[in-house]
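Counting from 1, the numbers follow the sequence of the chain as shown. Remember, it's 1-based here, ligands and their atoms both numbered in the order they're listed. Computed from heavy atoms alone, side chains included, the values below leave out hydrogens, waters and symmetry copies.
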Amino acid sequence: QASYYSALDGLFELHETVGSGGFAKVKLATHVATGEKVAIKIMDKRQLGEDLPRIRLEISAMQVLRHQNICKLFQVIETETKIFMVLEYCPGGELFDYIVERDRLCESESRAFFRQIAAAMAYIHQSGYAHRDLKPENILIDEDQNLKLIDFGLCANPKGGMASVLETCCGSPAYAAPELVTGQNYLGSEADIWSMGVLLYALLCGFLPFDDENISALYRKIQSGKYEKPAWLSAGSVALLDAMLQTDPRRRITVNELLLHPWLMVGYDTPVQWQSKFHATDLESDVVQQIARHRLAPPQGVMEQIRKWDYSSNLVATYFILLDRKQKGRPFQLA
Ligand SMILES: CN(C)C[C@H]1CC[C@H](N2C(=O)N(C)Cc3cnc4ccc(-c5cc(Cl)c(O)c(Cl)c5)nc4c32)CC1
């Protein structure tokens, strides 16, 4: 397996492979200009086949969706055979493994995580998207124990905004809403709320509310909406789970009602800050200054270059990576 890619020469130093999902390989790397760690998702276009449109969708969604709880896409490098996605480093790995290692999380840790998932989903829905494949395998943990959503390969951004219904059936069955498994027309935002209910249950219990090796038995359980309520679940947790795991999507809690639900507020005196901390318009001037100084170039010229938001350029990646360090309160300088 060649682990030398000329397209990355001088831009990134490649390290170990940390995972390989079906048609992609994920390697850790160091961004040479800033010395910062990143992850690079490497795909071979010839192996992608009919999955190529899904990757294009994931890339375009991640370029638009910039949020503190969504894994940041810093750069996209494409050759005639490969696509390289340069991504925010999440050393904590998947939330799925985090739960498995602990059996289940206590209510307060589940709440701290769930508030971040609700923030990401509120932002995604407000941006006119639906994720449609929410599960702990698609949620990563960064170096500060913050959650980062990944895998927007199934996300929908229907032309008519969220109001239009989505026909395609997708995502992972155990997290799929009843209206989805019965092939009815459904709203991505409503199906996402159901998946969030399944996710919250997985955090609090360490197993799934609806599970069966037999797929049609699983679908029947999902459509029944009946699930085990272990004794360790508080009344507040059960009330919220019931509000999200409503089989009738019209009776299901909406993401805006969720953000104000009492369960999310226990121990917190502020509602979930779901708006994105990232502003595409006004650039962070001290980051621009740092780059301009290092390049011995006028700041104005650097700003104009960045504002093109050309994801294939190393300048945009450098800006994003330094901005990310600043937002994490870490020192940022150019190597
Ligand atoms: C089965 N899975 C869905 C894939 C698994 C691959 C390794 C990855 N990882 C790990 O498992 N560490 C232990 C290290 C690690 C560090 N930083 C990462 C940063 C980004 C990503 C990432 C991976 C994929 Cl497949 C994406 O589409 C996106 Cl948008 C981002 N994975 C990272 C990652 C976690 C997920």
Side-chain angles (χ1 to χ4, degrees), residues 1 3 8 12-31 34-45 47-48 51-78 82-102 113 116-117 120-121 123-124 127 129 131-155 157 170-175 195 199 202 278 311 317 320-321 324-325 327-328 330:
Q1 284 290 53
S3 76
L8 304 181
F12 298 94
E13 271 159 32
L14 285 184
H15 310 311
E16 71 274 21
T17 298
V18 283
S20 42
F23 45 72
K25 177 160 59 168
V26 180
K27 290 175 95 64
L28 294 190
T30 300
H31 181 235
T34 60
E36 296 297 342
K37 275 222 181 340
V38 293
I40 302 184
K41 183 174 174 182
I42 304 167
M43 290 156 282
D44 185 308
K45 287 197 269 192
Q47 287 167 10
L48 281 175
D51 276 316
L52 189 54
R54 179 173 160 169
I55 294 302
R56 297 276 184 226
L57 181 74
E58 179 176 38
I59 290 173
S60 54
M62 292 186 80
Q63 287 174 333
V64 168
L65 297 170
R66 299 170 182 166
H67 185 271
Q68 52 275 18
N69 294 117
I70 293 175
C71 184
K72 165 89 58 259
L73 174 64
F74 293 135
Q75 187 172 11
V76 180
I77 299 172
E78 185 167 348
K82 300 278 185 195
I83 297 179
F84 302 91
M85 291 171 68
V86 181
L87 295 147
E88 177 179 4
Y89 178 52
C90 300
E94 296 173 12
L95 177 62
F96 180 85
D97 298 321
Y98 186 89
I99 299 169
V100 167
E101 276 152 30
R102 291 156 180 76
F113 277 158
Q116 297 180 54
I117 296 163
M121 295 312 292
Y123 169 78
I124 289 169
S127 305
Y129 283 80
H131 188 282
R132 296 203 300 167
D133 194 13
L134 199 65
K135 55 187 178 182
E137 297 88 326
N138 285 341
I139 298 174
L140 306 188
I141 303 173
D142 77 356
E143 53 209 331
D144 303 312
Q145 286 287 82
N146 293 319
L147 298 189
K148 305 279 177 176
L149 233 48
I150 65 166
D151 202 346
F152 289 80
L154 287 172
C155 74
N157 171 23
C170 61
S172 315
Y175 292 82
S195 305
L199 189 66
F278 183 90
Y311 269 77
F320 277 145
I321 291 169
D324 195 54
R325 309 312 296 166
Q327 285 181 333
K328 285 174 177 166
R330 282 183 165 65

For I321, is there any backbone N or O sitting under 3.5 Å from a side-chain donor or acceptor partner on R325? no

Electrostatic pair R330:E36 at N-O distance under 4.0 angstrom: no

Should one rank E137, K25, E94 by closest heavy-atom distance to atom 1 (C) of ligand 1, which comes out on top? E94

Starting from atom 24 (C) of ligand 1, which protein heavy atom do you reach first, and at what distance in Å? I150 CD1, 3.9 Å

To the nearest 0.1 Å, how far is atom 13 (C) of ligand 1 from its closest protein heavy atom, and which atom is that? G93 CA, 3.9 Å

Validation: residues 62-70 side-chain donor-acceptor distances under 3.5 Å, sequence neighbours left out:
| unit_1 | atom_1 | unit_2 | atom_2 | d |
| --- | --- | --- | --- | --- |
| R66 | NE | Q63 | O | 3.3 |
| R66 | NE | Y311 | OH | 3.2 |
| R66 | NH2 | Y311 | OH | 3.3 |
| H67 | ND1 | N69 | N | 2.9 |
| H67 | NE2 | W274 | O | 2.7 |
| Q68 | OE1 | K277 | N | 2.9 |
| Q68 | NE2 | Q275 | O | 2.9 |
| N69 | ND2 | Q116 | OE1 | 3.1 |
| N69 | ND2 | L147 | O | 3.0 |

Any atoms of ligand 1 less than 4.0 Å from a non-hydrogen atom of L87? List them with their elements. 28 (C), 29 (Cl), 30 (C)

Salt-bridge present (E143, K328; N to O < 4.0 Å): yes

Ligand 1 atoms in contact with E58 (distance to a heavy atom under 4.0 Å): 27 (O), 29 (Cl)

Quick check on the 6.0 Å ring-centre criterion: do F152 and Y129 meet it? no

Any idea which atoms of ligand 1 are less than 4.0 Å away from a heavy-atom of A39? 17 (N), 18 (C), 19 (C), 20 (C)

Is the number of heavy atoms from other residues, nucleotides or ligands within 6.0 Å of CZ (F278) greater than 12? yes

Does some non-hydrogen atom of M85 fall short of 4.0 Å from ligand 1? no

Return the closest protein heavy atom for atom 19 (C) of ligand 1 as residue, atom name and distance. E88 O, 3.1 Å

Ligand 1 contacted by K148 (non-hydrogen, < 4.0 Å): no

Closest heavy-atom approach to atom 32 (C) of ligand 1 among D151, D142, L140 is made by L140

With L14, which residues qualify under side-chain contact (heavy atoms from CB on, under 4.5 Å), at least two apart? Y5, L8, K27, A29, I40

Which of the numbered atoms in ligand 1 are below 4.0 angstrom from a heavy atom of M62? 29 (Cl)

How far is atom 16 (C) of ligand 1 from the closest protein heavy atom, and which atom is that? C90 O, 3.1 Å

